[in-house]
2 protein chains.
Amino acid sequence: MFQLDLKSRKSIYEQVVDNIKELVIAGVLNSEDKLPSVRELSKALTVNPNTVQKAYRELEYQGFIYTVSGLGTFVTSPIHSVMDGKKAHELQDNIRRDIKELLYMGMTRAQINELLQELFEERGEGND
Amino acid sequence: MFQLDLKSRKSIYEQVVDNIKELVIAGVLNSEDKLPSVRELSKALTVNPNTVQKAYRELEYQGFIYTVSGLGTFVTSPIHSVMDGKKAHELQDNIRRDIKELLYMGMTRAQINELLQELFEERGEGND
DNA sequence: GACACCGTATTAGGCAATATAGTACACTGC
DNA sequence: GCAGTGTACTATATTGCCTAATACGGTGTC
């Protein structure tokens, strides 16, 4: 499914969270898709089931997945996690902080606009 | 100088790093300004001198400040920390990741452009 | 009901990072 | 010399992460 970087400063469960989040956002995992079970994924990654469980709990808290006891865990449809105000705020604050730092380092406004342009094109976004 | 949030998930030294970084980027602390001494700031924040020292070491590593033994620590002129490739890359990756997440959550391209617009205006930036 | 699969909870221990405390050393300017 | 600066070191307590092992309850199949 994905690889772990044991040399990373990030903890394992954080890496699991980030990787799955990316798969969902990129559309590799779609709404209502079933995720690997805790035991299955823990075996595949050769980590402890508790570690995977912690990652799933975090992903559920963030609204990306939901679980049905006895059945498994599934990808939430995006409509359910729409604009959780607090989270959107945090993301925007992060972006603001990072862009300010890039500007301080000498990056130009044009270069930043270019970065966004590439992102939008990559997603085949419209103009709204 | 600033306040610490002891309830935060962030460690103390990280909060010190972030706060000082913001002061530098916002222009509250200017190039060649002298920072409070390790002992002075640790007393003001009622934390251990070692914790402040760790924060200063990190800020020096990131290129925001420099130290002269026996004299103190000072703000680096921005020209010295220009576009450290690795760091700029990390920042851009962060921005990419956060914007993708915002788009997934339903934020529109227009709203994101607006966010940037506000940032640029706030800084009184030109058009390049 | 038996069984296999799911998520979940609990307890325990090891390890690393964080923060504290205290002490010591080298450098600079007066 | 002295006061102020950064820096280094040891030791300790606390916290978070990760592992290990075990147990419990829900669901679907037979």
Side-chain angles (χ1 to χ4, degrees), chain A residues 1-21 24 29 31-76 80, chain B residues 1-21 24 29 31-76 80:
Chain A
M1 194 167 190
F2 50 82
Q3 289 290 326
L4 292 180
D5 177 12
L6 298 179
K7 288 171 261 171
S8 170
R9 287 71 70 207
K10 271 189 196 168
S11 61
I12 295 179
Y13 93 91
E14 276 180 308
Q15 291 184 52
V16 174
V17 168
D18 289 347
N19 273 301
I20 293 182
K21 202 190 287 188
V24 172
L29 290 173
S31 180
E32 309 306 333
D33 277 358
K34 188 178 183 307
L35 291 172
S37 75
V38 170
R39 291 171 178 80
E40 200 179 336
L41 183 55
S42 74
K43 189 175 282 183
L45 299 176
T46 58
V47 298
N48 194 279
N50 290 336
T51 305
V52 175
Q53 191 198 342
K54 184 169 184 180
Y56 278 16
R57 203 185 313 148
E58 173 65 21
L59 283 165
E60 185 165 14
Y61 174 75
Q62 289 190 29
F64 285 96
I65 65 179
Y66 68 96
T67 72
V68 183
S69 196
L71 283 183
T73 75
F74 306 86
V75 177
T76 308
H80 293 146
Chain B
M1 194 167 189
F2 50 81
Q3 288 291 326
L4 292 180
D5 177 11
L6 298 179
K7 288 171 262 173
S8 170
R9 290 68 72 205
K10 271 190 196 168
S11 60
I12 296 179
Y13 92 91
E14 277 180 306
Q15 291 185 51
V16 174
V17 168
D18 290 347
N19 273 301
I20 293 183
K21 201 191 286 189
V24 172
L29 290 174
S31 179
E32 309 306 334
D33 277 358
K34 189 177 182 309
L35 292 172
S37 76
V38 171
R39 290 171 179 78
E40 199 179 336
L41 184 54
S42 73
K43 188 175 285 184
L45 299 176
T46 56
V47 298
N48 194 277
N50 290 334
T51 305
V52 175
Q53 191 198 340
K54 185 170 183 179
Y56 278 16
R57 202 185 312 148
E58 174 65 21
L59 283 165
E60 185 165 15
Y61 173 77
Q62 289 190 30
F64 286 95
I65 64 178
Y66 67 96
T67 72
V68 183
S69 197
L71 282 184
T73 75
F74 306 87
V75 177
T76 309
H80 292 147

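Just so you know, these numbers use all the heavy atoms, side chains as well, and skip hydrogens, waters and symmetry mates. Every value quoted in this text rests on a predicted model; they were computed, and no experiment measured them.
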Distance check needed: [N] [atom2] versus [X] [atom1], whole Å only.
X       : N      : atom1 : atom2 : result
A:Leu45 : D:dT19 : CG    : P     : 10 Å
A:Ile12 : D:dG16 : CD1   : C1'   : 13 Å
B:Asn48 : D:dC9  : CG    : C1'   : 13 Å
A:Leu41 : D:dC18 : CG    : P     : 14 Å
A:Glu14 : D:dG16 : CD    : P     : 13 Å
B:Arg9  : C:dA19 : CZ    : P     : 14 Å
B:Leu35 : D:dT5  : CG    : C1'   : 13 Å
A:Leu59 : C:dG7  : CG    : C1'   : 15 Å

* **B:Tyr66 to B:Glu60 - nearest heavy-atom pair and separation** =>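 Scanning both residues, the minimum pair turns out to be CA-OE2, 4.1 Å.
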
* To do: Give, for atom CG of A:Leu41 and atom OG1 of A:Thr73, the distance between the pair rounded to the nearest 0.5 Å.
  =>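 Going from CG on A:Leu41 over to OG1 on A:Thr73, the span is 9.0 Å.
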
* **Between CG on residue B:Leu35 and CE on residue B:Met1, distance to nearest 0.5 Å** =>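 It comes to 5.5 Å.
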
Strictly below 4.0 Å: does [X] bring a side-chain N or O up to OP1 or OP2 of [N]?
X       : N      : result
A:Thr51 : D:dC17 : no
B:Thr67 : D:dT7  : yes
A:Lys54 : D:dC17 : yes
B:Ser37 : D:dT5  : yes

* Return the 5'-most residue of the pair A:Leu71, A:Tyr13 with respect to DNA chain D, ranking by each residue's nearest nucleotide. =>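 With A:Leu71 and A:Tyr13 compared, the 5'-side residue is A:Tyr13.
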
* Residue whose nearest DNA chain D nucleotide is more 5′ - B:Val38 or B:Asn50 ->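 Final value for this comparison: B:Val38.
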
* Any side-chain heavy atom of B:Val17 within less than 4.5 Å of one from B:Glu14? ->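 Side-chain contact under 4.5 Å: no.
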
* Between A:Gln15 and A:Lys10, is there a donor-acceptor pair closer than 3.5 Å when you use the side chain of the first and the backbone of the second? ->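 Confirmed, A:Gln15 side chain pairs with A:Lys10 backbone.
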
* Ignoring the backbone of A:Tyr56, work out which of C:dT18, C:dG7, D:dC18 is nearest its side chain. =>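 Side chain of A:Tyr56 sits closest to C:dG7.
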
* Listed nucleotide nearest any side-chain atom of B:Glu60, set C:dG29, D:dT7, C:dA19 ->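 Shortest atom-to-atom distance from the side chain points to D:dT7.
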
* Asked: Considering heavy-atom distances to DNA chain C, does B:Lys10 or A:Arg57 have its closest nucleotide positioned more toward the 5' end?
  ->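 Its nearest nucleotide being more 5', the pick is A:Arg57.
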
* For B:Arg39, answer base if it contacts any base atom (sugar-phosphate contacts may also be present), sugar-phosphate if it contacts only those atoms, and nothing otherwise; contact means non-hydrogen atoms under 4.0 Å. =>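 Base: the residue B:Arg39, judged by heavy atoms under 4.0 Å, touches a nucleobase.
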
